[in-house]
Structures are given as structure tokens and as C-alpha cells.
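One structure below.
Protein chains get the first letters and strands the later ones, always in sequence-line order, with residue 1 at the start of each.
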There are 2 protein chains.
Amino acid sequence: MAGPQRETADPRPTSRDVARAAGVSQATVSLVLGDKWQGRVAERTAERVRAAARELGYRPNLAARNLRLGRTRTALLVVPALTNEFFARVHTGAARVAARHGFGVVLYPAPDVTAPARDPFDSARASLDGVLASSMASEALATIRGDELPLVMLDSDPAHSLGAATVNLDIADGMRQAAEHLLALGHRDLLHLAADVSSWTFDVRRDALTAAVAGTGATVRTARAALAVDDARTATEAALTAPGPRPTAVICDDDVLAAGACKAARRLGLHVPDDLSVTGFDDLTLATAVEPELTTVALPAERFGEQGMDTLIAVLGGRTPAPEPLPVDLIVRGSTAQSPAARR
Amino acid sequence: MAGPQRETADPRPTSRDVARAAGVSQATVSLVLGDKWQGRVAERTAERVRAAARELGYRPNLAARNLRLGRTRTALLVVPALTNEFFARVHTGAARVAARHGFGVVLYPAPDVTAPARDPFDSARASLDGVLASSMASEALATIRGDELPLVMLDSDPAHSLGAATVNLDIADGMRQAAEHLLALGHRDLLHLAADVSSWTFDVRRDALTAAVAGTGATVRTARAALAVDDARTATEAALTAPGPRPTAVICDDDVLAAGACKAARRLGLHVPDDLSVTGFDDLTLATAVEPELTTVALPAERFGEQGMDTLIAVLGGRTPAPEPLPVDLIVRGSTAQSPAARR
DNA sequence: CGCCTCACGTTGTACGTATAACTTAGAGGG
DNA sequence: CCCTCTAAGTTATACGTACAACGTGAGGCG
């Protein structure tokens with residue numbers, strides 16, 4: 001029955017179609033559906049418009065709305081890697097708050113945060129209202145700032161924020177808790193298994209650890225590894241077999257590193273936690289999947305993402321909130337115990 | 001020196017500004033920058049326009065372009081949960097291909113794929129070119145189909161695809177490989193630790209397992225658990241202490257489940273793999289973090305995401321490719337060994 | 001009775017882009 | 001010398017929305 005197929009297979013109804021169906025003007029439809037009709041449109045008419053919109057399955061064209069309003073209700077989330085469970089959880093939290101405010105979140109995974117590929121970001125930023133950037137190097141940050149886009153920094157150095165709002169986890173306190181836990185268990189020779197990544201969040205861990213052991217007589221050696229189990233295992237093996245007194249505890253920047261450290265211990269015939277204590281960071285799924293379960297610093301990742309997006313939306317609204325760092329908690333599980341020496 | 005601050009803090013240059021700077025009309029700017037100027041604009045002029053655009057830092061307004069062109073170069077990726085590393089990797093692959101074609105990817109996490117909350121999806125779909133939906137129930141699928149949006153199904157039942165293109169992993173073959181591996185090791189009493197999730201991808205695992213053991217004389221019992229370590233451990237403990245012959249191997253729908261199974265074994269005083277073999281599925285980071293490392297079916301998750309997006313873009317281009325299922329590989333590690341009986 | 005106010009709308013326009021349709025100046029052909 | 005043709009632009013318009021500015025008829029009031 002139908003004639004030859006038209007090239008327009010998608011005649012989505014517009015506000016004008018709704019207007020025609022309701023017997024009003026397009027402007028009235030816009031007023032009613034935009035909730036700006038108080039005292040401008042009669043309740044009877046408003047209801048008729050709403051009914052027509054429902055009937056036709058009307059959805060406003062966001063491109064047109066964005067063009068008209070000059071904003072997009074879209075925020076960019078920049079993270080090092082979404083495959084890192086921590087950032088996936090940050091995204092979850094951020095997206096939840098965003099949705100609550102009618103915002104969308106587009107992701108920009110920056111494999112190398114020090115030198116982000118400009119192209120995908122360039123094409124995207126023209127349609128963004130704001131940026132939520134996690135763990136970025138200040139160089140990359142500077143290029144973003146040049147765009148004058150509202151920016152909120154997550155877990156980044158306040159000293160290099162260039163005036164952007166920052167939202168932080170109390171990473172330093174987490175590291176302090178982990179260190180004091182090990183010290184209280186009698187450990188005096190610590191190995192810091194550090195992430196081989198240039199990022200403020202890891203600098204904070206280092207400094208907090210240094211501060212925590214200062215004056216206690218304990219010593220800290222450092223090993224570095226990429227955020228992968230294998231690399232962490234190799235690095236730990238090397239560090240534990242190096243000359244000098246063998247560390248009795250490994251304090252790791254991350255749970256993945258801690259898992260690698262545990263594997264290294266097993267390879268060397270050391271028992272965790274009897275011969276070697278290990279602490280992680282983040283409390284990922286990993287932490288309770290390995291044996292023994294990891295003593296680790298639990299970060300409220302989703303809450304963190306939520307607070308980040310809340311802050312960005314506040315900034316867009318002209319306010320400049322400066323939230324307190326979110327508290328973190330050491331969770332003591334099976335991978336830490338009294339040092340062999342303290343047990344006597 | 002500057003006067004009082006204006007309310008427009010962001011006068012981003014438009015194509016008209018570029019035109020003025022280059023001494024041409026706005027249309028010419030659009031032609032040059034859109035690469036449609038062959039034989040329409042002199043090379044000298046084109047270069048002048050490009051220079052002006054560079055000078056002003058011009059970026060086209062995507063909202064205006066989208067409105068004009070009626071498409072958004074944005075695809076929606078629907079996944080059950082981004083915190084599942086598998087889906088994070090699928091996203092990575094999909095986003096990579098998308099970027100290559102100038103497409104953006106927006107995520108829609110569907111916590112419950114059987115009854116997706118309509119609201120966030122509703123507001124988003126008006127600005128989408130297509131949908132890439134992973135592991136969705138056919139009900140939810142039907143509601144999407146109603147929108148007439150180009151759709152590609154990932155890892156979903158071809159029989160319920162309602163005509164949408166499907167892209168699949170060869171899950172059945174993976175499960176077959178795992179089952180045959182265990183059978184070859186002499187295991188005759190298997191426990192299938194199934195994901196307590198209603199999804200085609202898990203139905204396929206079940207059916208493939210059933211088919212693989214048919215006629216071999218082996219028996220398969222089934223336990224169900226949510227995709228979490230703790231739940232998997234509990235379910236496995238219950239199944240292993242149930243009356244009847246104790247299974248000598250656990251074949252799991254997922255690595256997280258496998259990690260839970262390993263923990264259950266340890267609790268019951270069983271050694272993996274000597275007393276109990278365990279296989280996983282997905283080959284997540286988890287698989288090599290636990291001890292022993294998991295024998296598991298490796299899925300090319302990123303490649304899968306890439307192929308999904310390639311297919312969606314092909315569909316948007318009017319083609320209807322039907323790619324072969326991607327091959328998967330069993331990776332034998334330390335969590336499987338000969339059955340105690342076969343060892344004699 | 002004439003004017004004002006108020007409630008309820010409508011008309012018109014702008015956002016920035018892409019492109020169809022048109023103009024114009026030479027070049028070349030008959 | 002006029003006519004056509006092409007290169008090299010330009011003018012004008014539409015996409016769908018939000019909202020400022022403008023009617024308009026009815027009732028109130030002096």
C-alpha cells in the first residue's frame with residue numbers, strides 16, 4: 001500500500017507536531033514542557049499539551065535544545081583507564097549524580113595522562129559543559145584550562161590545580177593508617193611497593209609513608225612496578241632477595257600490586273602473613289579474592305565520583321564549593337600479622 | 001583597563017567569525033572546513049580560511065552541526081555493569097573504533113537488564129545515532145526496537161534479535177574446550193557453578209556444557225551464585241558438602257565465581273588443583289592474581305567491542321554485516337589437574 | 001463609557017551549521 | 001559581438017528549540 005520508501009525513515013515528532021495536535025502554538029508547547037508556564041498557560045491547555053506529547057511519543061531534540069541554550073548538559077570524565085576497577089566505580093558514582101541532574105557523562109580514557117592525544121578531546125570539548133579530570137598531570141591540565149571549561153580535579157595536587165576546584169580522598173590518612181598498623185605489629189623493615197606511575201596520588205602515598213615512619217626507627221625501602229600483577233611480582237622478588245635485612249612487610253600503592261607481592265612471597269617460600277605482611281590500597285574485588293584476603297585501605301570510590309560530579313555541577317551553577325577530603329578506612333584482613341621478630 | 005565583566009565569559013568563535021577574519025562568507029568557511037571545496041573554492045582562499053580558523057582556535061559547534069545534519073555521531077553502549085572488567089574492556093574497544101570514525105560513546109549501565117529504568121535512557125535516545133547493547137534480555141530489547149534506532153546486539157540470542165545485527169563471541173566453544181579439558185583429565189563428577197543471572201550468555205554456557213558431557217558418562221551438578229566472590233564461595237561450599245559423590249572439578253561461568261570456588265575449597269581443606277580442579281571464564285586480571293592461577297577461557301573482550309562498533313557503523317551506513325563469532329581460547333594454568341581417581 | 005490590568009496565548013527571532021540555489025566575472029567558441 | 005560555460009564564490013534557508021516581545025478579549029474601576 002505504501003508508496004516507495006522515503007529516505008527519511010525517522011520522522012520523529014517535533015514540538016510543532018505536538019502543537020498542531022494540541023491546537024496551540026509551538027511556543028506554548030515549549031512553555032508547558034519546560035515547566036515555565038506558571039500563570040502563562042491555563043491548566044486545561046497545559047494538560048492538553050502534555051497529553052498530545054505523550055500520545056505522539058514526543059522527545060525534545062537535544063541538539064536543538066543545546067544549540068538554543070548554549071549548553072549541553074554533558075560532562076567529560078577523564079580517567080587513566082576504565083579497566084581499573086577503581087575508576088569504573090568513580091564513573092558509576094559520577095554518572096549517577098549526573099543522571100539525577102539531567103547530565104550525561106562522556107568518558108575520555110587518557111592512556112598516558114602526561115600527554116593526552118588531542119584529537120578525540122578536541123572534537124569532544126566543543127560540546128561539553130565541564131570536565132571532571134582524575135589523576136591528571138599538571139601539563140595536560142594546563143591545556144584543558146586553556147579552554148576555559150569549568151573543571152573539577154579529582155585526587156589531584158591542590159597546589160597545581162590552577163584555580164580549579166579539587167575533590168580529594170584522604171589518601172595520606174589511608175597510608176598513615178596502613179603504616180601505623182604495620183608498625184604496631186612490630187614491623188621495622190618495610191618495603192614500599194610503589195606504582196611506577198607519575199601521579200600526585202602516588203606521591204601522596206610516598207610522603208605520607210615517610211612521615212608516618214619518621215622517628216620510629218623503622219626503615220623503608222622502595223620498589224617500583226607497573227600496575228600489573230606480573231610486574232609487581234617480579235619487582236617484589238627482586239627487592240626481597242636483595243642484599244641487606246629482608247623486609248618483613250610490604251606496603252603497596254594498590255591492591256593489584258599487593259596481589260603481585262603475595263605471589264612473590266609464595267615463590268620465595270615465604271608465608272603470608274607469618275613471614276611477610278602485605279597491605280594493599282583501594283579494596284577492589286581482588287582484595288577478597290586472593291588468599292589470604294588483603295588488609296587494605298578501602299576507598300569510597302563511588303561516593304568520590306558522586307562528590308566530584310556534585311562539585312562540578314555546583315561550579316557550573318556559579319558556586320565554588322571546597323569539600324573536605326573523603327575519609328578512608330583501613331580494613332584489616334588476613335594478609336598482615338605480627339612481625340616474626342616481635343613474635344619472638 | 002577592561003570594563004565590567006560581561007555575563008558571556010565564553011564567546012567561542014563561530015564559523016562567521018572565521019569568515020570575517022578570512023574575508024569570505026560563512027558558507028565558504030563551511031565548505032573549506034568540511035572538505036567539500038574541491039573545485040568550488042580556490043586553493044589560495046582555502047588556505048586563508050584554514051589559517052584564520054587556526055588563528056582563532058575555531059571549533060565547530062557540535063550542537064549546531066548535529067541539528068543541521070540530523071545525526072549526532074554518538075552511540076549508546078548498554079552494559080550490565082562497567083565495574084565488571086569484561087565490560088570495561090568491551091567499552092575500551094568500542095570507544096577506540098568509535099573515535100576512529102569520529103563517533104562518541106555514551107554509556108548506559110543497566111543494573112537490571114530485564115527492566116531498565118526508562119528515564120535516563122529516554123532522555124538520551126533522542127540524541128543517539130545507534131545502540132550497542134550487550135547481554136540484554138529480549139524484553140528490554142523490544143522497547144529499544146520500538147524506537148527504530150539502529151541496533152547491534154552483543155553476545156545475545158540471535159533467535160530473539162528481532163532482526164538486529166548480532167555480534168558474538170564463541171562462548172559455546174569456550175565452554176566445550178573447558179569441559180573437554182576436564183574430561184581429558186579424568187574428571188567424571190563435575191560441578192557447574194552457574195551465574196545466577198538471567199542472560200543468554202549464561203544459557204549458552206549451560207547448554208554447551210550439557211552437550212559436551214553427553215555420552216561421556218560424566219555427571220554434572222549445578223550450583224548458582226551471584227557474580228561475587230563471597231556468594232560463590234558459599235554456594236560452592238554448600239554444593240561440595242552435599243550428600244552424594246563429591247565433584248572433583250568445578251567449571252565456572254566466570255572468573256569471579258572461580259575465585260570463590262577456590263576459597264571454598266581451601267575452607268573445606270581441599271587443595272586446588274590436587275583435590276579439586278577449577279576453571280574460570282573471561283581471563284580477567286583476577287585470573288592470574290589468585291593462587292593457583294586460574295585455568296580459564298580467555299575472551300577477546302576489546303576485539304569484541306571493536307567488532308561491535310564496526311558493525312554498528314556498518315549498519316548506520318546501510319550495510320548489514322553478519323560477522324562470524326570471535327574465537328575464544330582455553331588457557332591452561334594451575335587450577336586444573338588430573339582427577340584424584342585418574343591419578344590412582 | 002473609556003481605560004487599565006490581567007490571564008492566556010501567539011508571533012517572531014536567534015542559536016551555528018550545511019548546503020541548495022543563485023550570481024558574477026572571465027574565457028572561449030561561433 | 002553575443003552567447004555559453006566554468007570557476008569561484010555568495011545569498012538564503014532550514015534544522016528544532018526557548019524565550020522576549022507583542023496581541024487580545026474580558027473584567028474591573030473611576
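The existence of a salt bridge linking Glu55(A) and Arg48(A) is excluded, since no basic side-chain nitrogen approaches an acidic carboxylate oxygen closer than 4.0 Å. Ion pair Arg89(A)/Glu306(A) not flagged as a salt bridge, since none of the NZ, NE, NH1 or NH2 atoms sits closer than 4.0 Å to an Asp/Glu carboxylate oxygen.
Protein atom CZ of Arg20(A) is 18 Å distant from nucleotide atom C1' of dG9(C), rounded to whole Å. Nucleotide dT17(C) holds its C1' atom 15 Å from the CZ atom of Arg73(B), rounded to whole Å. To the nearest angstrom, C1' of dA18(C) lies 13 Å from CG of Asn61(B). Atom pair Gln26(A):CD and dC15(D):C1' shows a separation of 13 Å (rounding to whole Å applied). Spacing between atom CG of Asp17(B) and atom P of dC15(C) amounts to 11 Å, rounded to whole angstrom units. The interatomic distance linking Asp35(B) (CG) with dA18(C) (C1') rounds to 14 Å, in whole Å. For the pair Leu69(B) CG and dG16(C) P, the interatomic distance rounds to 16 Å; values are reported in whole Å. Between the CG atom of Leu62(A) and the P atom of dG16(C) there is a distance of 18 Å, given to the nearest Å.
Taking side-chain N and O atoms only, Arg16(A) has no distance below 4.0 Å to OP1 or OP2 of dG16(D). Here Ser30(B) does not reach the OP1 or OP2 of dT17(C): none of its side-chain N or O atoms lies under 4.0 Å away.
Both Leu67(A) and Thr45(A) lie close to DNA chain C; mapped to their nearest nucleotides by heavy-atom distance, the more 5′-ward contact belongs to Thr45(A). Heavy-atom distances to DNA chain D give each of Leu31(A) and Gly23(B) a nearest nucleotide, and the one nearer the 5′ end belongs to Gly23(B).
Among the protein residues, Ala27(A) comes within range of the nucleic acid bases, having at least one heavy atom under 4.0 Å from a base atom. If you check every strand for non-hydrogen atoms under 4.0 Å, Val29(B) touches nothing. Residue Thr14(A) is classed as a sugar-phosphate contact, given heavy-atom separations below 4.0 Å to backbone atoms only. Nucleic acid contact class of Thr28(A) (heavy atoms, under 4.0 Å, all strands): base.
The residue from Leu169(A), Asp155(A), Leu154(A) that alone fulfils the side-chain contact (heavy atoms from CB on, under 4.5 Å) condition with Thr201(A) is Asp155(A).
You'll find that the side chain of Ser15(A) is closest to dT17(D), out of dG16(C), dT19(C), dT17(D). Comparing atom distances between the Arg40(A) side chain and each of dT17(D), dC19(D), dC8(C) picks out dC8(C) as nearest.
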Practice task
Decide side-chain hydrogen bond (donor to acceptor under 3.5 Å, both in side chains) for Thr72(B) and Asn66(B); before the verdict, give the C-alpha distance in whole Å, the side-chain angles of both, and the deciding distance to 0.1 Å.
Solution key: CA-CA 5 Å; Thr72(B) 56; Asn66(B) 291 342; 5.6 Å; no
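Geometrically, Arg50(B) engages Trp37(B) in a cation-pi contact defined by less than 6.0 Å to the ring centre and at most 45° from the axis.
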